[in-house]
Amino acid sequence: MSKTAIITGSGRGIGAAIAKRLAKDGFNIVINELSEEAGQQTAEECRALGIKAAVYAADVSDYAQCEEMVKKAKEEFGTLDVLVNNAGITRDGLLLRMSEENYDAVIRINQKSVFNMTKLVGAIMLRQKSGSIVNLASVAGLYGNPGQMNYSASKGAVIAMTKTAAKELGSRGIRVNAVAPGFIQTPMTDKLTDEQKNAILGQIAMKRYGQPEEIANVVAFLCGEDSSYVTGQIIEISGGLSM
Ligand code: NAP
């Protein structure tokens, strides 16, 4: 197989697990990070699985940087068959204490990046008449979460963008889906206090956090042929956080 997947924010955490899982499935891998250095270890682990991998630095909230990265990736790999919009940040705080700067930063990185990358890679997929796009939403985007007005808004928007893109691109053979993880053990959730972690565990039916690989497995299903008639769907992966 010489299909290529581009995964944003894939130097660590869930993005790195997705890159390695897709490499195992035979995809060539384009790793994106804020700096090239930050993606090198994931790239080496992907290459060890026998595929081609490259790292391109770009801030995905910046359209011009995305344009440059997608151009380079297309030149280097020939096709772009899978896009995983994974890069994301948190800047938590209760609404009345949340700064405008922290609100805007989360919207720009979590939400506008999805517009930037879907528009640019979507144009290539349209010409190919095939492709699969998977967005990382969150349970916060489905149900809201105290202290995450900015993050919940960005992920709610990602859910709406997933459905809109699925409706616009479906007739051209391009599928667009999202996963909505609950609490997954990564550097993003390591920042929570013990009190916050215990409160969250109490609400999870399976009484444990998820692992990045458990997200990657579902993303791989959505990227591959086994989900060929699935589009516009949001799959919650939360160990039964809400039912
Ligand atoms: P993480 O460990 O913090 O990793 C996020 C990655 O995104 C990092 O590699 C980071 O790069 C990169 N990134 C941040 N801003 C970027 C930008 N402007 N341009 C390019 N790359 C950027 O987070 P994670 O837990 O793996 O989360 C991955 C995705 O899953 C996010 O969209 C997150 O919202 C979503 N999610 C996570 C959880 C969870 O419980 N962990 C739950 C629901 C949804 P640097 O290393 O340079 O900062």
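Just so it is clear, the model here is predicted, and its values are computed rather than measured. In listed order, ligands and their atoms are each counted from 1. The figures here come from the full heavy-atom set of this structure, side chains too, leaving out hydrogens, waters and symmetry mates.
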- Item | Under 4.0 Å from ligand 1 - residues by heavy atom, chain and number | Gly9, Arg12, Gly13, Ile14, Asn32, Glu33, Leu34, Ala58, Asp59, Val60, Asn86, Ala87, Gly88, Ile89, Ile109, Leu136, Ala137, Ser138, Tyr151, Lys155, Pro181, Gly182, Phe183, Ile184, Thr186, Pro187, Met188, Thr189
- Between Arg91 and Glu101, is there a salt bridge with N-O shorter than 4.0 Å? no
- side-chain hydrogen bond (donor to acceptor under 3.5 Å, both in side chains) filter on Arg21, not counting sequence neighbours, yields Asp25, Asn217
- Task: Following the transitive rule for hydrophobic clusters with a side-chain heavy-atom cut-off under 4.5 Å over Ile, Leu, Val, Met, Phe, Trp and Tyr, establish whether Ile215 and Met206 coincide in one cluster.
- Result: no
- Item | Audit row: Ile200, Thr189, side chain to side chain contact (heavy atoms under 4.5 Å, CB included) steps and yes/no | CA-CA 11 Å; Ile200 290 161; Thr189 45; over 6 Å; no
- Query: When you measure from the side chain of Thr162 to the backbone N and O of Ala178, does any donor-acceptor pair fall under 3.5 Å?
  - Reply: no
- Query: In Å and rounded to the nearest 0.5 Å, what is the CZ to OG distance from Arg108 to Ser113?
  - Reply: 10.5 Å
